[in-house]
Amino acid sequence: MDFDVTADWHVASPYKFLRRLRHERPVFHSEHLGAYVLTRYADVRAAYGDPCRFSSAGSLTISRSLTEETRARLGEHGSFLSSFVANVDPPDHTRLRRSVSKAFTPRAVAAMERLFRELNEEAVDRVEPAGEADFIAQIGHEPSIKLTARFIGVPKADEAFVQAHVKDWFQLFLSPQPAARQLELADSFLEYLDYVDRLVADRRKEPRDDFTSLMAGAEGLSHREVVELISTILLGGNDTVPNQLGNSVLRLLREGRWPVPPPQIQNCVEECMRIDGASLGSFRYATTDISLHGVTIPAKALVLLSTDSAAHDESVFTDPERFVIDRANADAHLVFGYGIHFCVGAALARLQLRTALEVLGRRLPSLRLVEGEPIAYRRSIVGRGLQALRVAW
């Protein structure tokens, strides 16, 4: 019994396995992941809230599976994300998060809603006459990608470049790859970093009304910190949020709950994130020996906080495998983390998901799955996203 990131079930349907772990081995050492895994809600939440014992320093730098040749190709960038706000502990975390939070005020997030609504309307306008589409490639991803690009300050002409390289970024650091493919992805990643580096340098010289300019001009942030911050927010907007939308639409169509009545959309978004989260968990490092449920996690050991398992914990969510659109505590999931590392972009992500479900439900009320098309997920260590989703209306 172990995780297996090369197997389809690992992302598509791990819940029977996770339930066994919660009941029988709540602190589980995975040989496959090379990490201890916390699976119970209370333990995952407590670990998020205890950065002194469960350190974030280096936790996102998932480069352990890289070959020596790939590491050599990456050079200093093999430790990419070492300065990202979710990848450091206080006091660096406090300093970084304070700067980032300035761009995610409630007023700033609300101002993006109208733009995102327009982008979703435009996406539907393009595909509606055909009566059929791949939801992932043609509807679900593009509005989020464009919104993120405009927020960051990426020129329209560069959006496709960024999207392609972000996918390579994800594959290199967050999913297992053969040696030859690693080198290809490493070259793409270095090209991507060079692009972001130049974007930040340009905004330092000529600031504009965008997030990159705001961060480039912030006091106390190094150039590398700004580059890594921009790079990772582009990952979220190009990958994590649209993956969650795809997961949510698939769930709603399978459950026969499409379209979602507007009054139910907000809670529906939370239940979709709970039951089919795009994020499967976060890694931490134990700073000292930690005894939990009769198991000792040794100092310096890697620990996976399984938010996927926590979201299906029977002690918190009644009948957790069942989709309940009006579940009273749906928003108690830990998809966005908890404590000081609660996702700084959570409000924007929720806004995007709510807006997309409202627009798509209104414009495509007869949306349905195309029969006979296989449902396949990408293989990943910490993410859940569909490769494709054929729909018709």
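All heavy atoms count here, side chains included; hydrogens, waters and symmetry mates do not.
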Peer 1: Short question: side chain of D43, backbone of T39 - any donor-acceptor pair under 3.5 Å?
Peer 2: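 A pair under 3.5 Å: no.
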
Peer 1: Is I136 reachable from I145 through a run of hydrophobic residues whose side-chain heavy atoms are each under 4.5 Å from the next?
Peer 2: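 No; tracing contacts between hydrophobic side chains, which count when under 4.5 Å, never links both residues.
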
Peer 1: Counting only heavy atoms from other residues, nucleotides and ligands, does the tally under 6.0 Å from CG of D209 exceed 12?
Peer 2: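 No, CG of D209 has 12 or fewer neighbouring heavy atoms, counting only those of other groups under 6.0 Å.
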
Peer 1: Looking at L190, is its backbone amide N or carbonyl O close enough to the side chain of R73 to form a donor-acceptor pair, meaning the two atoms are under 3.5 Å apart?
Peer 2: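 Side chain of R73 to backbone of L190, a donor-acceptor pair under 3.5 Å: no, none is there.
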
Peer 1: For the backbone of A376 and the side chain of D8, can you confirm whether one donor and one acceptor N or O come within less than 3.5 Å of each other?
Peer 2: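 Such a contact is absent between D8 side chain and A376 backbone.
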
Peer 1: For atom CD of E69, is the number of surrounding heavy atoms from other residues, nucleotides or ligands below 6.0 Å larger than 12?
Peer 2: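 Atom CD in E69 is not packed in, count stays at 12 or less.
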
Peer 1: Is any side-chain heavy atom of L334 less than 4.5 Å from a side-chain heavy atom of L305?
Peer 2: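 With C-beta onward as the side chain, the pair stays apart.
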
Peer 1: Will you find, in the side chains of D210 and T212, an N or O donor that is under 3.5 Å from an N or O acceptor?
Peer 2: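 Not at all, the side chains of D210 and T212 share no donor-acceptor pair under 3.5 Å.
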
Peer 1: Salt bridge or not between D194 and R198? Use side-chain N to carboxylate O under 4.0 Å.
Peer 2: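 Judged by the 4.0 Å cut-off on N to carboxylate O distance, D194 and R198 do form a salt bridge.
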
Peer 1: Just wondering, do N243 and R384 contact through their side chains at under 4.5 Å, heavy atoms?
Peer 2: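 Sidechains of N243 and R384: no contact.
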
Peer 1: Anything under 30° is parallel, anything over 60° is perpendicular, the rest tilted; go ahead and classify F28 against F17.
Peer 2: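 Perpendicular: the ring planes of F28 and F17 meet at over 60°.
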
Peer 1: Ignoring hydrogens and geometry, is there a side-chain-to-backbone donor-acceptor pair from R204 to A216 under 3.5 Å?
Peer 2: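 Yes, because the side chain of R204 sits within donor-acceptor range (under 3.5 Å) of the backbone of A216.
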
Peer 1: Carefully, step by step, assess Y48 and S282 under the rule side-chain hydrogen bond (donor to acceptor under 3.5 Å, both in side chains).
Peer 2: CA-CA 9 Å; Y48 269 120; S282 302; 2.7 Å; yes

Peer 1: Ring centres under 6.0 Å, that's the criterion: do H29 and Y36 meet it?
Peer 2: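 Here the rings of Y36 and H29 have centres that are less than 6.0 Å from each other.
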
Peer 1: Check step by step if side-chain contact (heavy atoms from CB on, under 4.5 Å) holds for L18 and S306.
Peer 2: CA-CA 9 Å; L18 293 173; S306 177; 4.3 Å; yes

Peer 1: With no hydrogens and no angle check, is any side-chain donor or acceptor of R274 less than 3.5 Å from a backbone partner on A311?
Peer 2: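 Indeed, once roles are kept as given, a pair shorter than 3.5 Å links the two residues.
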
Peer 1: Do D239 and H141 have side-chain atoms, one donor and one acceptor, less than 3.5 Å apart?
Peer 2: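 The criterion, which ignores hydrogens and geometry beyond distance, is not satisfied for H141 and D239.
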
Peer 1: Hey, does Q352 have a side-chain heavy atom less than 4.5 Å from the side chain of Q244?
Peer 2: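 No; the side chains remain at least 4.5 Å from each other.
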
Peer 1: Taking NZ, NE, NH1 and NH2 as the nitrogens, is one of them in R53 or D50 under 4.0 Å from a carboxylate oxygen of the other?
Peer 2: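 Looking at D50 together with R53, the answer is yes, because their closest N to O distance falls below 4.0 Å.
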
Peer 1: When you compare the side chains of D2 and S30, does any donor N or O come within less than 3.5 Å of an acceptor on the partner?
Peer 2: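 A pair is found: one side chain offers a donor N or O, the other an acceptor, under 3.5 Å apart.
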
Peer 1: Side chains of Y15 and S309: any donor to acceptor distance under 3.5 Å?
Peer 2: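 Looking only at side-chain atoms, Y15 and S309 do not form any donor-acceptor pair under 3.5 Å.
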
Peer 1: Indicate yes or no for a side-chain donor-acceptor contact from R22 to the backbone of H312 under 3.5 Å, with no hydrogens or angles considered.
Peer 2: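 Such a contact is found between R22 side chain and H312 backbone.
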
Peer 1: Would a hydrophobic clustering, with Ile, Leu, Val, Met, Phe, Trp and Tyr connected at side-chain separations under 4.5 Å, put V324 with L250?
Peer 2: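 In one cluster with V324: L250, no.
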
Peer 1: Within the distance-only criterion (no hydrogens, no angle test), does the side chain of Q182 pair as donor or acceptor with the backbone N or O of T67 below 3.5 angstrom?
Peer 2: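 A pair under 3.5 Å: yes.
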
Peer 1: If you count the non-hydrogen atoms of other residues, nucleotides and ligands that lie under 6.0 Å from CD in Q266, is the total more than 12?
Peer 2: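 For Q266, atom CD is not crowded (no more than 12 foreign heavy atoms under 6.0 Å).
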
Peer 1: So does E191 get a backbone contact from the side chain of H165, meaning a donor-acceptor N/O pair under 3.5 Å?
Peer 2: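 Side chain of H165 to backbone of E191, a donor-acceptor pair under 3.5 Å: no, none is there.
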
Peer 1: Looking at every heavy atom in both L38 and V44, which two are closest together, and how far apart are they?
Peer 2: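 Residues L38 and V44, closest heavy atoms: O-CG2, 3.4 Å.
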
Peer 1: Mark yes when over 12 heavy atoms from residues, nucleotides or ligands other than E24 sit less than 6.0 Å from its CD; otherwise mark no.
Peer 2: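 It does: E24 CD has more than 12 such atoms within range.
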
Peer 1: When you measure from the centre of the six-membered ring of F323, is the NZ or CZ of R257 under 6.0 Å away and within 45° of the axis?
Peer 2: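 No - R257 does not lie over the ring of F323 by the 6.0 Å and 45° rule.
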
Peer 1: Which value, rounded to the nearest 0.5 Å, describes the distance between C272 atom SG and L252 atom CG?
Peer 2: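 Reported to 0.5 Å precision, the distance equals 4.5 Å.
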
Peer 1: Is it the case that the ring center of F54 lies less than 6.0 angstrom away from the ring center of Y285?
Peer 2: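 That pair fails the under 6.0 Å test.
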
Peer 1: Looking at Q264, is its backbone amide N or carbonyl O close enough to the side chain of D326 to form a donor-acceptor pair, meaning the two atoms are under 3.5 Å apart?
Peer 2: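 Not a single qualifying donor-acceptor pair exists.
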
Peer 1: Looking only at heavy atoms, which two atoms of P242 and S144 are closest? And how far apart?
Peer 2: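 Between these two residues, the closest heavy atoms are CD-OG, 3.6 Å.
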
Peer 1: Does one side chain, of Y192 or D168, offer a donor that lies under 3.5 Å from an acceptor on the other?
Peer 2: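 Note: Y192 and D168 side chains miss the donor-acceptor criterion.
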
Peer 1: Mind listing the closest non-hydrogen atom pair of P143 and A123 along with its distance?
Peer 2: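 Reported closest heavy-atom pair: CG-CB, 4.0 Å.
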
Peer 1: For the pair R251 and D276, find out whether any cationic side-chain nitrogen is under 4.0 Å from an anionic carboxylate oxygen.
Peer 2: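 A salt bridge is present here (some side-chain N lies under 4.0 Å from a carboxylate O).
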
Peer 1: Is the count of non-hydrogen atoms from other residues, nucleotides or ligands lying under 6.0 Å from R126 atom CZ greater than 12?
Peer 2: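 Count over threshold, so yes.
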
Peer 1: Keeping N329 on the side-chain end and V316 on the backbone end, is there a donor-acceptor pair under 3.5 Å?
Peer 2: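 Yes, because the side chain of N329 sits within donor-acceptor range (under 3.5 Å) of the backbone of V316.
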
Peer 1: Can you name the closest pair of heavy atoms from A35 and L304 and give their distance?
Peer 2: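 The answer is CB-N, 4.4 Å.
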
Peer 1: Counting only heavy atoms not in R20, do more than 12 fall under 6.0 Å of its CZ?
Peer 2: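 Count not over threshold, so no.
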
Peer 1: Evaluate F135 against L360 for side-chain contact (heavy atoms from CB on, under 4.5 Å), listing each step before the verdict.
Peer 2: CA-CA 11 Å; F135 183 87; L360 297 174; 3.7 Å; yes

Peer 1: Quick check on the 6.0 Å ring-centre criterion: do F3 and H10 meet it?
Peer 2: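 Yes; H10 has its ring centre under 6.0 Å from that of F3.
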
